[in-house]
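First the proteins, then the strands, lettered A, B, ... as listed; each starts at 1. Values below: every heavy atom of this structure, side chains too, minus hydrogens, waters and symmetry copies.
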Amino acid sequence: MSDARLRRVQKEIRDCAKDKTSNISIDMIDENPFHLIGAFPGPPDTPYEGGYYEVDIVIPDAYPFQPVKMKFITKVYHPNVSSASGAICLDILKDAWSPVLTLKSTLISLQSLLCEPVPNDPQDAEVAKHYLADRAGFNATAKHWAQAYAQAPASKVKATHGKPATDADMAGLAEENVVSFTDMGFPREKVISVLKKLNYRGNNVSNIHESTVLEELFK
Amino acid sequence: MSDHDGGDADPARVIDEHTDMTTLTDQEIMRLTESMGQEDVTSRPLISAPVPLSVIRDEYKNGSSTVLKKIDWLQANGWDQVWRARGDGDCFYRSFTIAYFLRILHSSEPQLQANLAFDAVQRALPAMQQVGFDPDLYEEFLEPLLVLLRGFDADTPTEWTLIQQLQDAERSNCIVVALRLVTSAYIRTHEDVFSPFLLSPTTFLPLTTDDFCRQEVEPCGKEADHAQIMALSEALHMGVRIAYLDRSEVQDINWVSFGPETEDPLTLLYRPGHYDVVTKDHLLA
């Protein structure tokens, strides 16, 4: 089985290198053709624009009959990507994988996943809640992450006016909301983690009673 | 990942050795068959040498009398050999493959039939290109099928050599993928015919042609249902007849025909959730 697998992967890497229009790259790590790094630019007109995204690729023994394993190396703020591990929720990486898909077409699918999140089938539930409750806030946070982790240029982001993103920005929270609880003496890190979990953002703030937040903070 | 628990809609009852087998519904039989497949799926051959129909009958000894009657009808009418496919979701495509080759092998002119089959596959290629599959990729999956068909020119295989060839995992998986792509291309190029029947097997909601093909046809391990069977038999111009071993009360047995009317159509045996091949013993015929 491995001969056909090796032939196919090598051909896929060659084809991808030849194709200059897709802007997608696939490179070997340590000369191992079954452990690769894919990369692509963040799609235009999204919060990821200007960023550069790297993906860890592992070719399983039964490839192409079984799906390739991919996860983001670059941190991404997106409902279908775990903000902690980079794990991706996408049907073609699971039971909708088909042997006619390739490394390149799968990376292109990841690119379009960045354009069109699927919040009702999330990988990261907290991020998905943020996306659904407060789209503008979500976009701003995703941009902060793109600048901080994916080398997106800061000039594209109006909201910060060139100021470096704060820990509240990175969590998609409003500074005044964070301060209203740190002023009570709670540690800032704890406040941010609790408000993130409760999706204390946008219109949702009025739905969450202060006592609910305090209960969580005292845990 | 915790967001993916589907949850069973109907609470499944516990089925064990005390359960009266005659009370099993088709759905329960399907679940049992599936879980059976998962347990020892890798220890079973992809396709087996033929076993007598009585082996299948023994499995239903304490089961539904309706199913037993149907098995007895098959036996009485000379359908006495079963070629079992592994229950891994690709069983229809593997069953189709062995039945396709057995039909050629047992025809009066195997070389001619192999050439016709080779032609039929070639005629399916334009549709595959038309729907946008990469020729470099699908040609690689088709190659093992075409090599086996061309092999009839040099030296007619035997049942035994065929089985051996089709038990090779890489070859068999390639052929499964090739047939899945032929099926998908046919559905995609005949959208007007198929679109009313393209439903999700889990939600029973309509799917777009593209979603159906991407989710239910092209990936390995996805069971074939009527739409896929119809499409493959039409695409390769090969009639398929399926004997349904379900619990419906009918005279004799339900044979459901797919595709064009061909002489000696492929004959498959269906039990809820699984396909095998059923044939008459050609040595005795």
Next on the checklist: Between D91(A) and R214(B), does the side chain to side chain contact (heavy atoms under 4.5 Å, CB included) criterion hold? Intermediate values first, please.
Outcome noted: CA-CA 10 Å; D91(A) 59 351; R214(B) 273 187 341 104; 3.5 Å; yes
Student check: side-chain heavy atoms of [X] and [Y] closer than 4.5 Å:
X: C220(B); Y: W97(A); result: no
X: L137(B); Y: R8(A); result: yes
X: V100(A); Y: D134(B); result: no

Checklist entry - Rounded to the nearest 0.5 Å, how far apart are CD of E170(B) and CZ of F65(A)? => result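 If I round to the nearest 0.5 Å, the distance is 6.0 Å.
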Item to check | Separation of S98(A) OG from Q215(B) CD (nearest 0.5 Å) | outcome: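 Those atoms lie 12.0 Å apart.
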Checklist entry - Side chain, backbone, both or neither: which part of D136(B) has a non-hydrogen atom closer than 4.5 Å to chain A? => result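 For D136(B), side-chain heavy atoms alone lie under 4.5 Å from chain A.
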Checklist entry - Which bit of E216(B) comes within less than 4.5 Å of chain A, counting heavy atoms only: side chain, backbone, both or neither? => result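 Neither part, no heavy atoms under 4.5 Å.
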Checklist entry - For P67(A), is it the side chain, the backbone, both or neither that has a heavy atom under 4.5 Å from a heavy atom of chain B? => result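 Neither part.
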Item to check | S82(A), part contacting chain B, at a heavy-atom distance under 4.5 Å | outcome: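 Neither part.
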Next on the checklist: Let's test your reading of the structure: which of D95(A), I92(A), D15(A) forms the most heavy-atom pairs below 4.5 Å with chain B?
Outcome noted: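 Option with the top pair count is D95(A).
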Checklist entry - Can you tell me if CG on N32(A) sees more than 12 non-hydrogen neighbours from other groups inside 6.0 Å? => result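 Counting neighbours around CG of N32(A), more than 12 heavy atoms of other residues, nucleotides or ligands fall under 6.0 Å, so yes.
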Next on the checklist: Would you say that more than 12 heavy atoms from the other residues, nucleotides or ligands in this model lie under 6.0 Å from the CD of Q10(A), or not?
Outcome noted: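 More than 12 within 6.0 Å, yes.
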